[in-house]
There are 2 protein chains.
Amino acid sequence: MTASRTARERVRAELTREITDIARRHLATEGAGGLSLRAVAREMGMVSSAIYRYFPSRDDLLTTLIIDSYNSLGEAVEQAEAGHPREDFLGRWLAACHAVREWAIEHPHEYALIYGSPVPGYQAPQDTIVARVRDVAVLGRVVADAWEAEAVRPPGVAPAPPSELAADASGIRELIPGAPDSVIWLSIAAWTALYGWVNFEVFGQFNNTIEDRRTAFEHAMRLAAATLGLTQ
Amino acid sequence: MTASRTARERVRAELTREITDIARRHLATEGAGGLSLRAVAREMGMVSSAIYRYFPSRDDLLTTLIIDSYNSLGEAVEQAEAGHPREDFLGRWLAACHAVREWAIEHPHEYALIYGSPVPGYQAPQDTIVARVRDVAVLGRVVADAWEAEAVRPPGVAPAPPSELAADASGIRELIPGAPDSVIWLSIAAWTALYGWVNFEVFGQFNNTIEDRRTAFEHAMRLAAATLGLTQ
DNA sequence: GAAAAAACGAGAGCACTGCTCTTGACGAAC
DNA sequence: GTTCGTCAAGAGCAGTGCTCTCGTTTTTTC
């Protein structure tokens, strides 16, 4: 009986996958704004209303694409970081940074979906939060491991964080257990430096300004690591 | 004769201004994607086709809004920075940073338009480039003045930029005359740190993570200044 | 195995969008 | 006073998301 039931559910799963595949291709070429349910249906040889049997709204389709994007980015970062030995903290950091940048350049529209301006009228549901943190978790783990191994030595020039920030820091400390507030905020700074750069590059702010972007990016990420005190 | 001619042109200028005003209000509430020529026309008591006498396309209307946004941000940053004495480099830097952040929070959709993911199908024309650099120019001027006054003393921990980046650095040096490559790239890092943070905050990445955002932002910008060696 | 129930694709339709074209009216210039 | 350019209005085209209904098919239930 499960076999007969599966017969229908299998074709349903197959069609659902086909819809998301086509939608992802449209998203990659035209961007989120150009994603049209009717166009997807047309390409499937379906009538537009039939799509709604599989996705109740355009936003729902977009949500699954967003989750896929989060996972795709997270996986890329995880794999890149895993290619370095545990004690090579700087290598792991740089590998993760390059993975973020390269994934973003290869999937600009997906990147815009998850790290760009929010899609108008679209509110990301709770479902996305789980997949959302995979890339950040990798970065946190690198710093956490380095801190644990006493390989994080912030230079003394950095000003101390004001005491008002202690509450926020203690929440973030879940990612980097045992680290003092100063290291927490230096890590946040490194994090924003990474995504600030990638945002600028993907959204075209470096056009006609920086040409050798990969080299400049690596230098910027080395700067961020040095500021944090991650030198090996 | 110019008076009679002006009579017509004056009402035209007036209507053009009214259109952009309404459009800006729609943009501020609904975002770029929700900006509808028909809705603007409806609010003006016009028929939709009449709008095209004033703006040949939706993108043209969007372009003027973008230019306005650039100028609005640029002016805010200029004014904030001008409120500090020339020798107070750190104060000028922090004031400019806060101005960017506060403007972005007050005008999230406008900010998304100029620093977020590009609007699908929209390509910013050359006209925007002139207004685009006003905020960056202020930041560059602060660092340039500080460098000239020998108030920039980068700590020795930063790795030296590789020689391949010399060409790109020399282009950027227009903003900070006479600065060595190391200072150029530290400035770029501070720049990306600023907009990386503001992007994260405006686009909601700090939700449920950082609560005291103004304090955290100021600390981050002090860190960026310290990394650059701007301590006074 | 037959009947009830659920799932499904197709089609029409609503309200909306950007944009084009034509038509008729008004005002300025010669 | 006539001509010419400017303008608002309206109809229309092609597209969008989404809803509803109507047969058909498949699954479940008895």
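Naming: A, B, ... by sequence-line order, numbering from 1 per chain.
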The residue among B/Glu201, B/Glu218, B/Glu106 that forms side chain to side chain donor-acceptor pair (under 3.5 Å) with B/Arg101 is B/Glu201
Mind checking A/Ser49 for me? I need base, sugar-phosphate or nothing, with any heavy atom below 4.0 Å counting as a touch. base
What pairs with B/Glu81 under side-chain hydrogen bond (donor to acceptor under 3.5 Å, both in side chains), at least two apart in sequence or on another chain? B/Arg92
Side-chain N,O (A/Arg42) to OP1/OP2 (D/dT16) below 4.0 Å: yes
Rounded distance (Å) that lies between atom P of D/dG17 and atom CD1 of A/Ile19: 13 Å
When you compare the side chain of B/Leu228 with that of B/Ser187, does any pair of heavy atoms fall below 4.5 Å? yes
Would A/Phe200 and B/Tyr195 count as a ring pair (Phe, Tyr, Trp, His ring centres under 6.0 Å) here? Give the steps. CA-CA 8 Å; A/Phe200 268 7; B/Tyr195 284 97; 5.7 Å; yes
Rounding to an integer number of Å, can you tell me how far A/Leu61 CG sits from D/dC18 P? 10 Å
Within this structure, what is the CE-to-P distance between A/Met44 and C/dG9, rounded to whole angstrom? 9 Å
Side-chain donor or acceptor of A/Asp135 paired with backbone N/O of A/Val100 under 3.5 Å: no
Can you tell me how far P of C/dC19 sits from CZ of B/Arg58, to the nearest Å? 8 Å
CH2 (A/Trp197) and OG1 (A/Thr192) are apart, to the nearest 0.5 Å, by 14.0 Å
Rounded to whole Å, how long is the line connecting atom CD of A/Glu30 with atom P of D/dG15? 13 Å
Report yes or no: is there a donor-acceptor pair, N or O only, under 3.5 Å between the side chain of A/Arg38 and the base of D/dG15? no
Nearest to the side chain of A/Ala50, heavy atoms from C-beta on, is which of C/dG13, C/dT17, C/dG9? C/dG9
Among the nucleotides C/dG18, C/dG13, C/dA10, whichever has the atom closest to the side chain of B/Tyr52 is C/dG18
Contact class for B/Ser57 vs. all strands (heavy atom < 4.0 Å): base, sugar-phosphate, or nothing? sugar-phosphate
Provide, to the nearest angstrom, the distance between the CG atom belonging to A/Leu35 and the P atom belonging to D/dG17. 8 Å
Between CZ of A/Phe55 and P of C/dG9 the distance, given in whole Å, is 13 Å
For a quick test of reading the model: is some side-chain N or O of B/Ser36 closer than 4.0 Å to OP1 or OP2 of C/dT17? yes
Could you tell me the separation between the NE2 atom of B/His26 and the C1' atom of C/dT17, rounded to a whole number of Å? 15 Å
For nucleotides 5-7 of chain D, which of its nitrogen or oxygen atoms have a protein nitrogen or oxygen under 3.5 Å away, and what is each distance?
| from | atom 1 | to | atom 2 | distance (Å) |
| --- | --- | --- | --- | --- |
| D/dC7 | OP1 | B/Arg12 | NH1 | 3.1 |
| D/dC7 | OP2 | B/Arg12 | NH1 | 2.9 |

Should the pair A/Asp21-A/Arg17 be classified as a salt bridge under the 4.0 Å nitrogen-to-oxygen rule? yes
